[in-house]
Amino acid sequence: GALRITDDNVQRGRVANELYAGFIELLSQKHQLRLEITNSVVGLDNDPQQREVFFGGMLRTLDELDALAERAYLLNKDDLSMAPEHQQRMDSLRLLRAGVLQVGEMMETDPYMRQAESTKEKQQLLSTIFDITEGQDLRAVLFQSISRERLATERDRTAADVSLKFMNSLTLTATGLIILIVLALARYFYMALSRPIERLTAGASALRGGNLSYRIPEFGRDEFTNLARSMNEMAAEISRLRERDTEIRAGLESQVKERT
């Protein structure tokens, strides 16, 4: 229902944001690796181990992006309009991985030095290896991917926000209804209890005042009715005893008068 839709939209927004961050991280790692190799080619200070670190980091980032792309596909597989976006994402990741592997094959500086003589030629060769794969510019692929994931993040976050607002509204409405029901039940039980208690109180007051002819109305079959019936029977019994006592007293008085 609504809860599942909200959860799916939140998940889509989270995955889209992680894809966006992943492509930005890949771009940063690419620049860092390129800088290290460029320094090596032109004879500046560089760290061969650091190049390996950046290269390995790019491969791990690509693995994470592949996993995130799969999650995004599973979350959107029922929406056919999302198929082109998924295909573009997978094509971009394939090209980027091919480009990274291409750089990995040329990590050593010797091949560059053999294929190009001047520093400018070496830098041009580096640019070709870093930026061109299968005739496509990887810089454009990366920037297009970042732009696509940024738009997807905004779209999915908006959908998640709408779903969350709807759920909040639904929760508030349900809470309000529950409060109204509780208040109605409280009033019902209050009235259901107050009426018989008032009748019992009135009957007790009448008995205490000596009005033995007063009878408490009996409704239903609950404990209050049983108590009212018992009080009525007690009042009737007291009334009979009082009448009998009056008769006995009258008889005694008559006998006393006859004897005197």
Side-chain angles (χ1 to χ4, degrees), residues 1-24 64-65 67-86 89 147-239:
L3 185 60
R4 181 180 178 182
I5 293 174
T6 301
D7 182 65
D8 287 345
N9 285 334
V10 171
Q11 292 294 327
R12 290 189 188 98
R14 185 176 301 164
V15 170
N17 185 65
E18 291 178 359
L19 281 165
Y20 177 53
F23 278 108
I24 291 177
E64 293 171 359
L65 287 170
L68 288 169
E70 180 64 20
R71 285 180 60 191
Y73 169 74
L74 293 175
L75 287 168
N76 296 292
K77 64 181 180 180
D78 294 331
D79 187 353
L80 297 180
S81 65
M82 300 298 293
E85 180 180 295
H86 175 70
R89 183 180 294 122
S147 177
R148 180 184 62 246
E149 302 308 334
R150 180 179 59 81
L151 293 175
T153 298
E154 294 175 356
R155 178 198 65 214
D156 293 337
R157 279 183 174 176
T158 299
D161 289 341
V162 170
S163 297
L164 288 172
K165 287 180 180 179
F166 173 75
M167 284 301 301
N168 288 336
S169 175
L170 189 63
T171 301
L172 290 174
T173 301
T175 302
L177 288 174
I178 291 173
I179 291 174
L180 290 176
I181 291 172
V182 170
L183 291 175
L185 288 174
R187 178 175 175 78
Y188 168 78
F189 285 116
Y190 170 76
M191 297 301 294
L193 292 174
S194 63
R195 290 194 187 99
I197 290 175
E198 288 175 357
R199 290 194 291 267
L200 291 173
T201 302
S205 298
L207 292 177
R208 186 169 58 249
N211 185 5
L212 298 177
S213 63
Y214 185 88
R215 295 293 181 267
I216 302 172
E218 300 177 13
F219 300 98
R221 299 180 180 180
D222 54 17
E223 290 79 3
F224 294 107
T225 301
N226 293 335
L227 181 57
R229 186 177 297 109
S230 297
M231 292 180 66
N232 289 337
E233 292 174 354
M234 181 181 66
E237 183 64 24
I238 293 173
S239 179

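- Contacts of Glu64 classified as salt bridge (charged side-chain N to carboxylate O under 4.0 Å, His left out), with partners at least two apart in sequence or in another chain: none.
- Thr173 is linked by a side chain to side chain donor-acceptor pair (under 3.5 Å) to nothing, counting only residues two or more places apart in sequence or in another chain.
- The distance from atom CG of Asp156 to atom CG of Asn17, rounded to the nearest 0.5 Å, is 10.0 Å.
- Atom CZ of Arg148 is separated from atom OG1 of Thr153 by 11.0 Å, given to the nearest 0.5 angstrom.
- Atom CG of Leu80 is surrounded by 12 or fewer heavy atoms from other residues, nucleotides or ligands within 6.0 Å.
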What donor-acceptor contacts under 3.5 angstrom involve side-chain atoms of residues 68-77, with partners at least two apart or in another chain?
| residue | atom | partner | partner atom | Å |
| --- | --- | --- | --- | --- |
| Asn76 | OD1 | Arg12 | NE | 2.9 |
| Asn76 | ND2 | Ala72 | O | 2.8 |

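- Residues that satisfy the side chain to side chain contact (heavy atoms under 4.5 Å, CB included) test with Ile179, not counting sequence neighbours, are Thr175, Leu183.
- Going from atom NE2 of His86 over to atom CG of Asp79 covers 13.0 Å, rounded to the nearest 0.5 Å.
- In this view, Glu85 and Arg89, Arg155 satisfy the side chain to side chain donor-acceptor pair (under 3.5 Å) rule, not counting sequence neighbours.
- Looking at Glu154 and Arg150, a side-chain N of the basic residue comes within less than 4.0 Å of a carboxylate O on the acidic one, giving a salt bridge.
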